[in-house]
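Along the sequence shown, residues are numbered consecutively beginning with 1.
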Amino acid sequence: MTLTLVDRTRCTDAATGKDADASPGKDVVDPGAAPEPEKSPDSAPRRAVGREADGLAVASFVLGLVGLLVFNIVLGPMAIVMALLALTRRTRRRGRAFLGLALGVADLVVLAALVTANGTVAWSIGG
């Protein structure tokens with residue numbers, strides 16, 4: 001661990017009026033301070049991508065859940081694709097993305113079970 005001392009003589013000279021043109025905020029740099037983040041024009045799209053990835057995670061979860069009941073041949077693969085896109089875009093809602101992925105796979109498993117049991121891709125609730 002190193003100890004860094006900062007020379008504050010310029011700040012005290014400026015405060016007493018010895019050096020009128022030196023401003024204490026511009027010349028004195030604290031080496032221990034974190035650098036200020038530069039404002040870049042592409043910072044807004046990064047936030048939009050994060051929100052988009054979160055939306056994809058939630059959408060995959062909802063589609064996987066609904067796909068267990070209806071249209072599992074369509075909604076299952078859509079849930080899987082959306083969950084994988086959300087995970088590759090580093091969503092903050094990783095749990096929902098993984099649930100959407102699992103529900104999408106479960107949709108395809110239900111579809112396979114229906115096809116082997118009935119020989120058709122249709123639901124038959126009434127019997």
- Item | Reported CG-to-OG1 distance for the pair Leu111 and Thr116, which is rounded to 0.5 angstrom | 9.5 Å
- Note on the structure: Closest heavy-atom pair, Leu87 versus Arg94, reported as atoms and distance to 0.1 Å, is CD2-NH1, 4.0 Å
- Query: Within a strict 4.5 Å, meaning less than it, do heavy atoms of the Ser60 and Leu101 side chains meet?
  - Reply: no
- Message: Rounded at 0.5 Å granularity, tell me how far CG in Asp54 sits from CZ in Arg92.
- Response: 4.5 Å
- Looking only at heavy atoms, what is the nearest atom pair of Arg93 and Ala57, with distance? O-CB, 3.6 Å
- Heavy-atom closest pair (Asn72 atom, Pro77 atom, distance to 0.1 Å) is O-CD, 3.8 Å
- Search all heavy atoms of Gly64 against all heavy atoms of Ala79 and return the closest pair with its distance. N-CB, 3.7 Å
- Would you indicate whether the side-chain heavy atoms of Leu103 and Leu68 approach each other to under 4.5 Å? yes
- Item | Met78 versus Leu63, closest heavy-atom pair with distance | CE-CD1, 4.0 Å
- Task: Report yes if the side chains of Asp107 and Phe71 come closer than 4.5 Å at any heavy-atom pair, otherwise no.
- Result: no
- Query: How close do Ala86 and Ala97 get, heavy atom to heavy atom, and via which atoms?
  - Reply: CB-CB, 4.3 Å
